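In what follows, a single structure is set out as structure tokens and then discussed.
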Amino acid sequence: MSDAANSASAAAHVDGAPLEAAPKAADSLEVIRKFAETYAKRTGTYFCSDPGVTAVVLEGLARHKDELGGALCPCRHYEDKEAEVAQAFWNCPCVPMRERKECHCMLFLTEDNPFRCDSQNISLEDVKSLVAG
Ligand code: SF4
């Protein structure tokens, strides 16, 4: 492990936060992507047939994770994003998703949704190129 990585690791432990909670910015998109794949499989939901939708939502979640420390839903307007993260209602997976499998971002679509595809996977390369347009 490099000196930089060692000191980052030490800082995370000093803060009392698990390392996973404080990834480097470049890692957040991958953390969110992996979470989404795992969560889709666990809940029997699927990604959108338009992979651009999936990519934009993943990128928005990763950006919120970097900026706010929590994966706040990127498809809503908030007066106070920090307060919303603290409330946790709209932290992904949000309460409507956890309780009723309702994802208004179209990241997780139920089997009967006409906009779903058959996939619960998306590569990091695809996400990056789709977001880059
Ligand atoms: S609607 Fe809920 S489950 Fe869907 S991306 Fe937003 S926070 Fe996540």
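The structure presented is a predicted model; accordingly, all values stated were derived computationally and were not measured. Values below: all heavy atoms of this structure, side chains included; hydrogens, waters and symmetry mates excluded. Read the numbers this way: they start at 1 and go in the same order the structure lists the ligands and their atoms.
- Nearest protein neighbour of atom 6 (Fe) of ligand 1, counting heavy atoms only, is C73 SG, 2.4 Å.
- Here the protein heavy atom with the shortest distance to atom 4 (Fe) of ligand 1 is C103 SG, 2.3 Å.
- Minimum interatomic distance between D126 and S123 (heavy atoms only, all atoms of both residues): N-OG, 3.0 Å.
- The shortest contact between atom 2 (Fe) of ligand 1 and any protein heavy atom is with C94 SG, 2.3 Å.
- When hydrophobic clusters are built by joining Ile, Leu, Val, Met, Phe, Trp and Tyr residues whose side-chain heavy atoms come closer than 4.5 Å, directly or via intermediates, V95 is grouped together with L68.
- Residue, atom and distance of the protein heavy atom nearest to atom 8 (Fe) of ligand 1 are C92 SG, 2.4 Å.
- Taking the six-membered ring where the residue is Trp, F108 and F47 present tilted rings, their angle falling between 30° and 60°.
- Between the side chains of S119 and N121, no donor N or O sits under 3.5 Å from an acceptor N or O.
- When heavy-atom distances to ligand 1 are checked against a 4.0 Å cut-off, H104 comes that close through both its backbone and its side chain.
- For residue C75, no N/O/S atom approaches atom 6 (Fe) of ligand 1 to within less than 2.8 Å.
- Checking L107, N91, V56, V31 one by one against L61, the side-chain contact (heavy atoms from CB on, under 4.5 Å) holds for a single residue, L107.
- Interface of M97 with ligand 1, defined as ligand atoms under 4.0 Å from a residue heavy atom, comprises 3 (S).
- For a disulfide, the SG atoms of both cysteines must be under 2.5 angstrom apart; this fails for C73 and C94.
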